[in-house]
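First comes the structure, then the notes that go with it.
Lettering of chains follows the sequences in order, A, B, ..., and the numbering in each one begins at 1. Just so it is clear, the structure is predicted and the values come from calculations on it, not from any experiment.
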2 protein chains.
Amino acid sequence: MPEAAINGLILDQIKATQMPKLVASDIATALKKRISSGEWVENGRIPPERDLASEFGVARNTMRRAVSFLEDDGTVVRHVGRGTFLTAANPASMAAVVGRMEGTSPADMMEIRQLLEPAAASFAATNASAMELNAVREAHRIASESQDMPTFEHWDAEFHHRIFACSRNEFLKEIHNLMRILRNQAPWFEMKKRSFSEERRSIYCEEHQAVLDALLRRDPESASQAMLAHLKTVQRNLLGR
Amino acid sequence: MPEAAINGLILDQIKATQMPKLVASDIATALKKRISSGEWVENGRIPPERDLASEFGVARNTMRRAVSFLEDDGTVVRHVGRGTFLTAANPASMAAVVGRMEGTSPADMMEIRQLLEPAAASFAATNASAMELNAVREAHRIASESQDMPTFEHWDAEFHHRIFACSRNEFLKEIHNLMRILRNQAPWFEMKKRSFSEERRSIYCEEHQAVLDALLRRDPESASQAMLAHLKTVQRNLLGR
DNA sequence: CCTCCCTGAACCAATATTGAGCCAATTCTT
DNA sequence: AAGAATTGGCTCAATATTGGTTCAGGGAGG
């Protein structure tokens with residue numbers, strides 16, 4: 001526990017004893033302060049009512065009413081036998097998010113790709129080092145020369161990945177990693193197999209070439225546009241619209 | 001109040017906060033910390049459950065549940081008779097992605113928010129039901145009327161969340177959930193605390209109002225623009241550029 | 001006197017932890 | 001190769017923790 005927090009507690013206590021009337025709503029705001037100072041973010045759980053009550057020097061009934069305010073706010077949820085939890089900040093919900101993501105539809109994801117990938121291409125055109133651009137070009141070359149679908153698939157994905165890699169935005173890179181993992185799962189695999197053809201492969205390669213050219217010219221605007229055009233083709237092929 | 005009594009209080013406080021209740025989820029986070037500090041990287045093996053249990057002073061059953069958390073999010077795999085092993089070697093696993101995301105900078109995230117949230121607002125203007133729009137308006141109203149910072153914080157976040165909720169894109173919604181969780185963690189707290197002021201709050205409210213108006217007019221283009229303007233304000237306040 | 005809020009206490013129901021034992025897969029020792 | 005030791009998987013009953021609820025009383029302010 002940080003020293004500042006302890007001091008805060010002490011101050012609260014002294015204030016509390018100087019001003020003997022501590023009512024539920026006051027306690028509720030004190031709790032909110034401690035929550036928004038990040039006090040209980042770790043594992044998102046706040047202490048049991050009985051502990052809080054004795055800590056604040058009030059009866060459990062009062063503390064219950066105080067916590068009820070937070071519950072009404074939606075700041076907190078309570079479970080009998082388990083405890084009281086912050087709604088926003090618990091790491092457990094991270095797993096839940098990822099779980100739900102696994103069920104999202106390819107259509108939804110393609111929509112978001114069309115937001116993120118052009119931006120990534122644009123960032124890359126501005127920020128990439130010569131070496132990184134070479135890596136992109138290399139991925140494109142291998143994909144173009146590949147003979148079978150799995151190899152093409154792999155280097156196609158790698159091409160996109162390497163563009164994200166030089167976007168200089170860690171968060172964007174990780175979102176793309178997420179998408180990449182999701183795309184390697186069941187519903188996508190069928191879809192990709194169905195939609196693959198030699199003709200489409202050569203179209204993809206041309207479009208990749210356009211993106212690569214724009215990157216090499218350091219032209220963010222046309223990189224973005226070329227990527228968007230490519231994704232629209234992919235979407236059409238994958239989802240048939 | 002006599003000084004001795006104050007000291008008593010202080011001691012009580014420290015005692016109370018130094019002795020946290022150890023439950024399975026707490027142990028899980030403690031384990032994660034030790035793992036990420038490189039404790040057991042050598043041959044990637046974690047001590048047997050029985051040892052860990054006695055080390056943490058809990059029953060083996062409890063330790064088993066704790067380790068199960070790690071197993072669930074893919075941090076670890078267990079083999080009967082052999083032991084429990086780290087899986088961290090695989091950078092493409094969901095768990096690894098999530099782990100790295102926790103370390104992304106607010107600046108990077110704000111950049112991505114400026115891509116996604118205007119789009120979400122635009123989708124929402126087109127797709128939202130009347131009831132959903134009412135929910136957005138309600139969040140805005142409560143935020144505007146809130147008296148203290150934590151309440152405002154909460155309903156501010158809720159406003160944004162409800163816009164995503166009516167974007168009709170599950171994947172987008174989940175990405176926003178991720179951002180929301182990350183924003184409730186350590187590095188953001190300082191920043192938010194530092195940047196808050198009554199004046200800024202009222203500016204945020206006005207900007208929210210502009211977004212809301214555009215949504216109610218079912219005008220995707222201006223919803224998107226209003227949201228972008230708002231995010232630029234937030235970014236300026238948060239990051240000082 | 002009345003109202004409102006807090007106190008203190010007891011009990012309930014849901015959930016978690018304990019402690020113990022046994023099984024099955026694996027590894028180590030003889 | 002056979003047996004002992006280690007290790008995760010599993011079950012069960014007893015106990016502890018925790019939020020939910022109710023009730024009788026006290027004290028401050030109208």
task = Please check the phosphate of C:dC5 (OP1 and OP2 only) for any side-chain N or O of A:Thr62 closer than 4.0 Å.
result =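 So the side-chain polar atoms of A:Thr62 never come under 4.0 Å of the phosphate oxygens OP1 or OP2 of C:dC5.
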request  = Please check the phosphate of D:dG19 (OP1 and OP2 only) for any side-chain N or O of A:Thr84 closer than 4.0 Å.
outcome  = yes
task = Tell me, please, which residues at least two apart from B:Arg60 pass salt bridge (charged side-chain N to carboxylate O under 4.0 Å, His left out).
result = B:Glu49
Rounding to a whole Å, what distance do you find between [X]:[atom1] and [N]:[atom2]?
X       : N      : atom1 : atom2 : value
B:Phe85 : C:dT27 : CZ    : C1'   : 11 Å
A:Leu52 : D:dT17 : CG    : C1'   : 14 Å
B:Ile27 : C:dA16 : CD1   : P     : 14 Å
A:His79 : D:dG20 : NE2   : P     : 10 Å
B:Asp51 : D:dT7  : CG    : P     : 6 Å
A:Arg82 : D:dT18 : CZ    : C1'   : 11 Å

request  = Check whether any side-chain N or O of A:Asp156 sits under 3.5 Å from a backbone N or O of A:Phe152 as a donor-acceptor pair, and report yes or no.
outcome  =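 It does not hold such a pair.
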inquiry  = Quick check against the 3.5 Å criterion: does B:Ser167 have a side-chain atom that pairs as donor or acceptor with the backbone of B:Ala124?
reply    =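 Checked: no pair found.
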query = What are the residues of residues 63-71 of chain B, sorted by number, that bring a heavy atom to within less than 4.0 Å of DNA chain C?
reply =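 Residues of residues 63-71 of chain B that come under 4.0 Å of DNA chain C are, in numerical order, B:Arg65.
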request  = Indicate yes or no: does B:Arg64 engage B:Glu71 in a salt bridge with an N to O separation below 4.0 Å.
outcome  = no
N-O pairing of A:Glu55 and A:Arg34 below 4.0 Å =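 Yes.
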inquiry  = Considering only residues two or more places apart or on different chains, which pairs with a residue in residues 102-112 of chain A satisfy side chain to side chain donor-acceptor pair (under 3.5 Å)?
reply    =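 Found A:Glu111-B:Asn169.
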query = Where each residue is assigned the nucleotide of DNA chain C containing its nearest heavy atom, which of A:Ala59 and B:Arg60 is assigned the position nearer the 5′ end?
reply = A:Ala59
request  = Would you kindly compare B:Arg50 and B:Asn61 by the position of their nearest DNA chain D nucleotide and give the one closer to the 5′ end?
outcome  = B:Arg50
